[in-house]
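Here is the structure we will look at.
Each residue takes its place number in the sequence, starting with 1. Atoms within each ligand, like the ligands themselves, are counted from 1 in listed order.
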Amino acid sequence: MNDLLFNTITIDKIPPGIFGTYQPAIDVLRLDKIDPLISGNKWFKLQYFLDEALALKKNHIISFGGAWSNHILATAACCKRMGLHSTGIIRGEQPAELSSTLKNAVDLGMELVFINREDYREKYVPTHLNPDDCYIIPEGGYGEKGATGAAHILDHCDKDEYSHVACAAGTGTMLAGLINASDYQEIIGISVLKNNYSLETDVRALVTGEKKNFRVLHDDHCGGYAKHSDELITFMNDLYERTGIPTDFVYTGKLFFAIARMFLEKILPAGVKLLVIHSGGLQGNDSLKKGTLIF
Ligand SMILES: *Cc1c(COP(=O)(O)O)cnc(C)c1O
């Protein structure tokens, strides 16, 4: 499964000067090219959970997410490949028409169970699913196993070439994995949630050893989780036109938006050797009105 997915990863260059004259060439690790469904960081984060499920001989996987969740879709796709049964517990009322994300998950064999927002907050697993017989993966793949898997992202580049690595952060699991895999690099996480100041604590809980060379930026959420500004959409279209790199409006659009700002404001040191993790998520753009994005 690994090799099949990973031989499509490339490292693409953003030429100097796209984000102002101060910006040198930037490398982009294109995890979005792994697979349209198991996108970006999700296979890395799921791998050790699924290995444990197999070791425990549990063949029914349960996880949680919203209607456009990359994690739910990736879980469905991984389970199908591994011959496991999957159930997605979805936040909110069942809609008259499923999102394209959930339709794809159902096509991959996932069973969907909709629960109300209060129960969702408690991560309630309906008893008819026999939770004791299932393997439950936390929402977003947060946890030590997720971080252990995410650490392998840097196996796909020569990390010593870089002084800084930047990624988008939701639960912070990928960020923690990158920190654990780093030597001397500074890892920069762009929070895509508004005012989620507990993120640093969540990340630290998954960081092993003494490594602390990271920072989290909180001002590039463009309105909040899964929200977007006109400025963000214009930026994403412009980035695609100038570099050919498509981004998603929930995570990687905000990541590159933040990077552009950091160069324009000269926040990064001169001579920075930056690796940007393109963590995928492009399928989520289907939730936007047709024609919003040019790609
Ligand atoms: C899930 C996801 C993230 C966030 O990963 P965390 O480990 O939860 O911080 C970032 N980018 C994309 C495209 C994602 O789907």
Side-chain angles (χ1 to χ4, degrees), residues 9 28-49 63-78 88 99 101 104-105 137-154 165-181 187-194 196-207 214-218 220-222 225-226 228 232 236 245-259 276-288:
I9 296 174
V28 181
L29 187 64
R30 296 287 304 273
L31 304 183
D32 58 308
K33 290 181 162 184
I34 292 176
D35 182 279
L37 303 180
I38 309 177
S39 98
N41 64 15
K42 293 300 185 275
W43 161 245
F44 290 94
K45 294 205 298 176
L46 286 168
Q47 181 180 1
Y48 285 89
F49 288 112
S63 199
F64 303 87
W68 297 98
S69 167
N70 296 323
H71 167 72
I72 282 291
L73 183 55
T75 301
C78 285
S99 65
T101 305
N104 284 330
I137 299 179
E139 182 182 35
Y142 177 79
E144 221 172 274
K145 289 195 177 56
T148 305
H152 287 292
I153 289 173
L154 291 184
V165 178
C167 72
T171 65
T173 309
M174 168 170 57
L175 176 56
L178 295 172
I179 294 166
N180 290 339
I187 315 293
I188 303 170
I190 309 303
S191 175
V192 300
L193 281 78
K194 192 173 177 175
N196 182 25
Y197 298 114
S198 58
L199 182 58
E200 273 94 336
T201 316
D202 297 341
V203 171
R204 266 178 219 282
L206 302 179
V207 170
F214 75 97
R215 69 176 123 161
V216 178
L217 304 184
H218 289 282
D220 299 286
H221 54 74
C222 302
Y225 182 69
H228 60 85
L232 176 67
M236 288 166 61
I245 297 176
T247 50
D248 78 293
F249 77 96
V250 181
Y251 294 100
T252 54
K254 294 174 186 182
L255 166 64
F256 282 99
F257 188 82
I259 285 163
V276 180
I277 310 296
H278 192 317
S279 43
L282 298 173
Q283 64 90 26
N285 286 341
D286 286 351
S287 68
L288 296 170

Identity and distance of the protein heavy atom lying nearest [atom]:
| atom | result |
| --- | --- |
| atom 10 (C) of ligand 1 | Y251 CD2, 3.3 Å |
| atom 8 (O) of ligand 1 | T171 OG1, 2.6 Å |
| atom 11 (N) of ligand 1 | S279 OG, 2.7 Å |
| atom 14 (C) of ligand 1 | K42 NZ, 2.9 Å |

At a non-hydrogen distance cut-off of under 4.0 Å, which region of N41 contacts ligand 1 (side chain, backbone, both, or neither)?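 Side chain only.
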Once you restrict to heavy atoms under 4.0 Å, what part of K45 touches ligand 1? Side chain, backbone, both or neither.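 K45 to ligand 1: side-chain contact only, backbone stays beyond 4.0 Å.
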Do K42's NZ or CZ and the ring of Y251 fall within the cation-pi criteria of under 6.0 Å and 45°?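 Yes, K42 and Y251 form such a contact.
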Would you please test Q283 and T101 for side-chain hydrogen bond (donor to acceptor under 3.5 Å, both in side chains) and show each step? CA-CA 7 Å; Q283 64 90 26; T101 305; 2.7 Å; yes
Would you say ligand 1 has an N or O under 3.5 Å from any N or O of [X]?
| X | answer |
| --- | --- |
| G281 | no |
| G280 | no |
| S39 | no |
| A169 | no |
| T252 | no |

Is a side-chain donor or acceptor of [X] paired with a backbone partner of [Y] at a separation under 3.5 angstrom?
| X | Y | answer |
| --- | --- | --- |
| N104 | A77 | no |
| S99 | A67 | yes |
| S39 | P36 | no |
| H221 | H228 | no |

Which atoms of ligand 1 sit under 4.0 Å from any heavy atom of N70?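 Counting atoms of ligand 1 from 1, those under 4.0 Å from N70 are 14 (C), 15 (O).
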G170: numbered ligand 1 atoms lying under 4.0 Å from its heavy atoms: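 Within the 4.0 Å cut-off of G170, ligand 1 contributes 4 (C), 6 (P), 8 (O), 9 (O).
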Evaluation steps, side-chain hydrogen bond (donor to acceptor under 3.5 Å, both in side chains), between N196 and S198: CA-CA 6 Å; N196 182 25; S198 58; 3.2 Å; yes
Begin from the C-alpha positions of H71 and Y142 and carry the test side-chain hydrogen bond (donor to acceptor under 3.5 Å, both in side chains) through to its verdict. CA-CA 11 Å; H71 167 72; Y142 177 79; over 6 Å; no
Evaluation steps, side-chain contact (heavy atoms from CB on, under 4.5 Å), between K45 and T171: CA-CA 11 Å; K45 294 205 298 176; T171 65; 4.0 Å; yes
